[in-house]
Number of protein chains: 2
Amino acid sequence: MGRWQPNARERLEHAALELFVERGYESTTAAEIAERAGLAKSTFFRHFTDKREVLFGGQDALNGLFADAIAGAPAGATPVEALGAALAAMAEIFVAERHAWAHRRQAVVMGNSDLRERELLKLAALTEAMADALRRRGVPDPAASLAAELGCLAFRNAYTRWADPANDRHFADVARQELDDLMAATATLTGR
Amino acid sequence: MGRWQPNARERLEHAALELFVERGYESTTAAEIAERAGLAKSTFFRHFTDKREVLFGGQDALNGLFADAIAGAPAGATPVEALGAALAAMAEIFVAERHAWAHRRQAVVMGNSDLRERELLKLAALTEAMADALRRRGVPDPAASLAAELGCLAFRNAYTRWADPANDRHFADVARQELDDLMAATATLTGR
DNA sequence: GCACGCGATGGGACCAAGTCTCATCACGTA
DNA sequence: TACGTGATGAGACTTGGTCCCATCGCGTGC
């Protein structure tokens, strides 16, 4: 077979998404993914601990980028301003070239309960990374985890909007607006 | 075997927690759980769709209780006041008699990644139930999901504190304080 | 008292996820 | 040319989870 051809991991990710779109996640076997990528089942599990994990590569990089952006925000920035800077920094990942891919992937993830579950785990890790970064900025603790939760919600909303096939705005624009909307809503929670 | 003895589901839940505490979640087989409960493996999966699910019974009841309490809050109550009422209503589930059980269960869940993942799914469902209940009260949408997220965070913090073996306060007290702390922290997010 | 139906169970075949071990292969280097 | 290294292939094995069918206890009507 195509043994020793380069980019085994990328080939697996590509074959997986392709098959998931064609037949659905549950009707696709790890062995089939490996086969389409020209590899063996054992090699698949050498690259990914999980069948699900093949759709969640680069998540650690995302967490790191987020945390770095929070750490790198101006010293006088409020927690929410730091979150805004971090969301804006995500735009370098969610560029127009990845838009079609993101949309297909998102449809697969949302269509399966196991994958949604895994996504929640990844988002929880992202939230924890944000909270840690905020604590290192000196934000005390109920506020740090609260702000992280808020940031995560803004990110989720922004990503959902951005990945919509009808969307043509830049991620940074969408994210800024979602965060603003959330902050405006905050004021209404104790009033009325 | 103990065929036809009553409360098969409860026996399975009890046997499962017992075995998980003894040998750990991963080292316990679904067949072993069934055996200790005097049942067959196939019967286990007739009562629980999942091996994990055996630790998450009553979750739907919790969601319903939460949603009902939000719906039943006074007409003039703010979203946060409705959340406070709902958290207080949880005290009828988290009573002193269940404290020891809750602590043992929590230790098992926190000790395994698959179980934490499932817990996140359950908490997401709880959050969604809260958001729906708030929307039915007329709370518009970024605010409803934001308040639900906030309520879920308060619930998580309160549950963690309450389930601590050293704790001897009532759930309602712990929950009220956690919610107050979160609301106080909200004010600091845009300031300083 | 008996036949019948219904719901819960046992038993086991079966598939796929995931683990593990060992042999194999390509490539660089001495 | 021999050797070491790292990635791969092949396949056995365990377990989660599904499915089908026979069996059992119990209630009901006759």
Side-chain angles (χ1 to χ4, degrees), chain A residues 1-57 108-109 111-119 121-122, chain B residues 1-20 22-57 108-109 111-122:
Chain A
M1 265 296 178
R3 217 185 191 184
W4 301 118
Q5 298 198 332
N7 306 324
R9 190 186 177 91
E10 286 71 23
R11 274 178 347 198
L12 285 167
E13 289 174 343
H14 186 259
L17 183 54
E18 215 172 70
L19 283 166
F20 293 162
V21 169
E22 283 177 21
R23 336 180 177 166
Y25 174 78
E26 292 190 338
S27 311
T28 303
T29 278
E32 291 171 341
I33 300 172
E35 189 188 6
R36 180 165 298 197
L39 295 165
K41 172 188 159 196
S42 51
T43 305
F44 178 93
F45 287 107
R46 206 172 279 121
H47 285 278
F48 304 100
T49 60
D50 241 23
K51 180 181 161 190
R52 309 171 202 163
E53 210 61 24
V54 75
L55 283 175
F56 292 90
V108 171
V109 171
N112 177 273
S113 169
D114 287 347
L115 292 173
R116 269 204 307 269
E117 201 173 356
R118 176 56 51 88
E119 174 133 294
L121 187 66
K122 299 297 187 183
Chain B
M1 265 296 179
R3 218 187 192 187
W4 302 117
Q5 299 198 329
N7 305 325
R9 191 185 175 90
E10 286 71 23
R11 273 186 299 156
L12 285 167
E13 291 175 343
H14 186 259
L17 183 54
E18 215 172 71
L19 282 166
F20 293 163
E22 284 175 21
R23 337 180 178 166
Y25 174 78
E26 291 191 337
S27 311
T28 303
T29 278
E32 292 171 339
I33 299 171
E35 190 189 6
R36 179 166 298 198
L39 295 165
K41 171 188 161 193
S42 51
T43 305
F44 178 93
F45 286 108
R46 206 172 278 120
H47 285 279
F48 304 99
T49 59
D50 240 24
K51 180 180 162 192
R52 307 171 205 168
E53 210 62 23
V54 74
L55 283 176
F56 292 90
V108 172
V109 171
N112 177 273
S113 169
D114 287 346
L115 292 173
R116 269 205 307 269
E117 201 172 357
R118 177 55 53 87
E119 174 133 295
L120 289 172
L121 188 65
K122 299 296 186 181

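Predicted, not measured: the structure shown is a model, and the values here were computed from it. Here is the naming used below: chain letters follow the sequence lines, and residue numbers restart at 1 for every chain.
A donor-acceptor pair is defined here as one N or O able to donate and one able to accept, closer than 3.5 Å; no such pair exists between the side chain of A:R118 and the backbone of A:R52. Under a 3.5 Å cut-off, the side chain of B:K41 and the backbone N or O of B:I33 do not form any donor-acceptor pair.
Residue A:R52 contributes atom CZ, which lies 14 Å from atom P of D:dG16 at whole-angstrom precision. B:L39 places its CG atom 15 Å from the C1' atom of D:dT23, with the value rounded to the nearest Å. Protein atom CZ of A:F45 is 17 Å distant from nucleotide atom C1' of C:dT21, rounded to whole Å. Atom C1' of nucleotide D:dT15 and atom CD of B:E35 are separated by 15 Å, given to the nearest angstrom. Atom CG of B:D114 is separated from atom P of D:dT15 by 16 Å (rounded to the nearest Å). As a whole-Å value, the separation of A:E32 CD from C:dA17 P is 8 Å. As a whole-Å value, the separation of A:F48 CZ from C:dA17 C1' is 16 Å. As rounded to whole Å, 9 Å separates atom P of C:dT9 from atom CG of B:L12.
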Applying salt bridge (charged side-chain N to carboxylate O under 4.0 Å, His left out) to A:E26 and A:K51, what does each step give before you reach the verdict? CA-CA 10 Å; A:E26 292 190 338; A:K51 180 181 161 190; over 6 Å; no
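Taking for each of A:K51 and B:K41 the nucleotide of DNA chain C with the nearest heavy atom, the 5'-most of the two is the partner of B:K41. The 5' end of DNA chain D is approached more closely, in terms of each residue's nearest nucleotide, by A:A40 than by the other of A:A40 and B:T28. Residue A:A31 is the one, among A:R46 and A:A31, whose nearest nucleotide of DNA chain C lies closer to the 5' end (criterion: closest heavy atom).
B:H47 has no side-chain polar atom (N or O) that falls below the 4.0 Å cut-off from OP1 or OP2 of C:dA8.
Enclosure of atom CD in B:E10 by more than 12 non-hydrogen atoms of other residues, nucleotides or ligands within 6.0 angstrom is indicated.
You'll find a donor-acceptor pair under 3.5 Å spanning the side chain of B:S42 and the base of C:dG11, going by distance alone.
For the pair A:E22 and A:R36, the salt-bridge criterion is met [side-chain N within less than 4.0 Å of a carboxylate O].
Within the 4.0 angstrom heavy-atom criterion, no nucleotide atom of any strand lies near B:S27. Using a 4.0 Å heavy-atom criterion, one finds that B:T29 contacts the sugar-phosphate atoms exclusively.
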